[in-house]
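Report on the structure given below.
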Amino acid sequence: MDIKIIPLPAEKMKAKIADASQLGFGKHFTDRMLMVEWKTGQGWCDARIEPYAPFVLDPACLVFHYAQEIFEGLKAYKWADGRVALFRPEMNARRFNQSGDRLCMPPVPEELFLKGIEQLVALEQEWIPTAPGTSLYIRPTMIAVDPVLGVKPADHYYFYVILSPVGPYYAAGFNPVSIMVEDHYVRAVPGGTGEAKTGGNYASSLKAGLEAKHKGFDQVLWLDGRERRYIEEVGAMNMFFVYGDKIVTAALNGSILSGVTRDSVIKLAPTLGCQVEERLIDVNDLMTDIRSGKVTEAFGSGTAAVITPVGKLCYKNETLQLTGGKVGGITQKLYDTLTGIQTGQLEDDFGWVRFVK
Ligand SMILES: *Cc1c(COP(=O)(O)O)cnc(C)c1O
């Protein structure tokens, strides 16, 4: 499918943010966006890259009422040699369609997803920041736009991609966060939508996040929705625990989001001398292992922050420190290696990088 490029009037061009410390995360957006529509009987149509602008949508649109929505998150990096690199974008294309299948939304051809992003990023590459820790965050989204209040899969969708130049996720730097094990609210249940990247999962996680903040913790560690006993995820990241030279993470079970960063950590760890175990992690055993010093480090993984060290964990009013509240050696090594591959400072032995043509 050809993507039409709609001219960008000079007066619609925004000033780029020169000071990397002003970028923040997802606060600024580039001049253009990708927009494709899908209609029953017609399929994907009217693909275009157009000036970034607000949508005019009917207040009755399905997405506003029944949350038929999916999204993705990935990044583009500008390398020192000027090339623009995406990190494993095919994984995002595949996951987008898996999420879409769960929400009864039409699949986006992988080629359209990837080519659309590449063309958009190529046009907007002047927006990619280059200071350490910065990148261009890419947000593909699909929404149901039929203006009808009946509960049903829509007949009209927007698939669009917007771009945001971003600074380091944590303004204060690569410092350990504190997390609280949530034993009341759950993020996902077996058979639910936990494995799909859909806005509703985030809406329903806000309350627990806010209550954890009020208690002085940065993020929530989610337990499984059936027994509230097994570790699932941390905030909107996958969770890893380091036991000496072994790394343990929750096995995918249908309610855990299958992270691209998670998969990358699992593939990278053995090359750094660490074995990886995907299994059930009982929170009671975990607490015992932290108390006894068997757990030496803990971290979360996700595109936005890549790796987030965890320095403190609280469960049922008992707060334990990890790695003396410092960043662990394996956590640091994984962060350095992943970001090194993404930014072209380290060899990409896995073939994870895809250059924008
Ligand atoms: C996006 C997301 C992740 C991380 O996935 P990445 O592909 O590594 O960015 C983890 N958990 C949840 C709930 C997510 O939405």
At what distance, to the nearest 0.5 angstrom, does CD of Gln22 lie from NZ of Lys27? 7.0 Å

Hey, does the side chain of Asn201 reach the backbone of Ala196 with a donor-acceptor pair shorter than 3.5 angstrom? yes

Looking at Glu233 and Arg187, is there a salt bridge between them, counting it only when a charged N and a carboxylate O are closer than 4.0 Å? yes

Return yes when atom CG of Asp81 has more than 12 non-hydrogen atoms of other residues, nucleotides or ligands closer than 6.0 Å, and no otherwise. yes

Parallel under 30°, tilted from 30 to 60°, perpendicular over 60°: which one fits the rings of Phe55 and Tyr160? perpendicular

Given the rule in the side chain to side chain donor-acceptor pair (under 3.5 Å) test, do Asn238 and Thr261 qualify, once you have shown the distances and angles that lead to the verdict? CA-CA 8 Å; Asn238 296 113; Thr261 320; over 6 Å; no

So Tyr158 and Met35, side-chain contact (heavy atoms from CB on, under 4.5 Å) or not? Walk me through it. CA-CA 7 Å; Tyr158 287 177; Met35 175 75 181; 3.2 Å; yes

Got a donor-acceptor contact below 3.5 angstrom from the Thr288 side chain to the Asn284 backbone? yes

Can you tell me if Asp218 uses its side chain to pair, donor with acceptor, with the backbone of Ser178 under 3.5 Å? yes

Can a donor-acceptor pair be found between the side chains of Tyr243 and Glu277 at a distance below 3.5 Å? no

Apply side-chain contact (heavy atoms from CB on, under 4.5 Å) to the pair Thr337 and Leu346, showing each step before the final yes or no. CA-CA 7 Å; Thr337 310; Leu346 292 177; 4.2 Å; yes

Please test Met180 against Lys215 for side-chain contact (heavy atoms from CB on, under 4.5 Å), starting from the C-alpha separation and ending with a verdict. CA-CA 9 Å; Met180 196 197 84; Lys215 289 179 187 149; 3.8 Å; yes

Other residues, nucleotides and ligands only: do more than 12 of their heavy atoms fall within 6.0 Å of NZ on Lys4? no

Crowded around Lys16 NZ? As in, over 12 foreign heavy atoms under 6.0 Å? yes

To the nearest 0.5 Å, how far apart are CZ in Arg354 and CG in Asp348? 13.5 Å

What donor-acceptor contacts under 3.5 angstrom involve side-chain atoms of residues 165-177, with partners at least two apart or in another chain?
from: Tyr170; atom 1: OH; to: Gln219; atom 2: NE2; distance (Å): 3.1
from: Tyr170; atom 1: OH; to: Thr308; atom 2: OG1; distance (Å): 3.1
from: Asn175; atom 1: ND2; to: Ala172; atom 2: O; distance (Å): 2.7

Between His65 (side chain) and Gly150 (backbone), is there a donor-acceptor pair under 3.5 Å? no

State whether the number of non-hydrogen atoms from other residues, nucleotides or ligands found under 6.0 Å of Lys312 atom NZ is greater than 12. no

Side-chain donor-acceptor contact under 3.5 Å, Asn253 with Glu232: yes

Does a sphere of radius 6.0 Å around CG in Asp2 hold more than 12 heavy atoms from other residues, nucleotides or ligands, not counting ones at 6.0 Å or beyond? no

Dump the intermediate steps for side-chain contact (heavy atoms from CB on, under 4.5 Å) on Phe241 and Val310, then the final yes or no. CA-CA 9 Å; Phe241 297 95; Val310 171; over 6 Å; no

Could you grab the distance from atom CG of Leu114 to atom CD of Glu110, nearest 0.5 Å is fine? 5.5 Å

Does a donor on one side chain sit under 3.5 Å from an acceptor on the other, for Thr198 and Arg102? no

Taking the six-membered ring for Trp, are Phe113 and Phe159 parallel (under 30°), tilted (30 to 60°) or perpendicular (over 60°)? parallel

So does Ala154 get a backbone contact from the side chain of Asp146, meaning a donor-acceptor N/O pair under 3.5 Å? no

Side-chain ion pair, Arg226 and Asp224, N-O less than 4.0 Å: no

Let me confirm one number: the CZ-CD distance from Arg32 to Gln119, rounded to the nearest 0.5 Å. 11.5 Å

If you draw a 6.0 Å radius around CD in Glu126, do more than 12 non-hydrogen atoms from other residues or ligands fall strictly inside? no

Does atom CD of Glu227 have more than 12 heavy-atom neighbours, drawn from other residues, nucleotides or ligands, at distances under 6.0 Å? yes

Between the side chain of Asp31 and the main-chain N/O of Lys14, is any donor-acceptor distance below 3.5 Å? yes

Separation between CZ (Phe355) and CZ (Arg83), nearest 0.5 Å, reads 3.5 Å

Once you measure the plane-to-plane angle for Phe71 and Tyr202, does it fall in the parallel (<30°), tilted (30-60°) or perpendicular (>60°) bin? perpendicular

Looking at Lys207 and Glu182, is there a salt bridge between them, counting it only when a charged N and a carboxylate O are closer than 4.0 Å? no

Could you tell me whether a side-chain N or O of Thr331 sits under 3.5 Å from a main-chain N or O of Val327, the two making a donor and an acceptor? no

Check this for me, if you would: do Arg48 and Glu37 make a salt bridge, where the nitrogen-to-carboxylate-oxygen distance has to be below 4.0 angstrom? yes

Using modelled atom types and a 3.5 Å cut-off, is there a donor and acceptor pairing between side-chain atoms of Thr319 and backbone atoms of Cys314? no

Are any side-chain N or O atoms of Arg279 and backbone N or O atoms of Ala251, one a donor and one an acceptor, separated by less than 3.5 Å? no

What is the ring orientation for Phe350 with Trp352, classed by angle as parallel under 30°, tilted 30 to 60°, or perpendicular over 60°? parallel

Flag, side chain of Trp222 to backbone of Gly235, donor-acceptor distance under 3.5 Å: yes

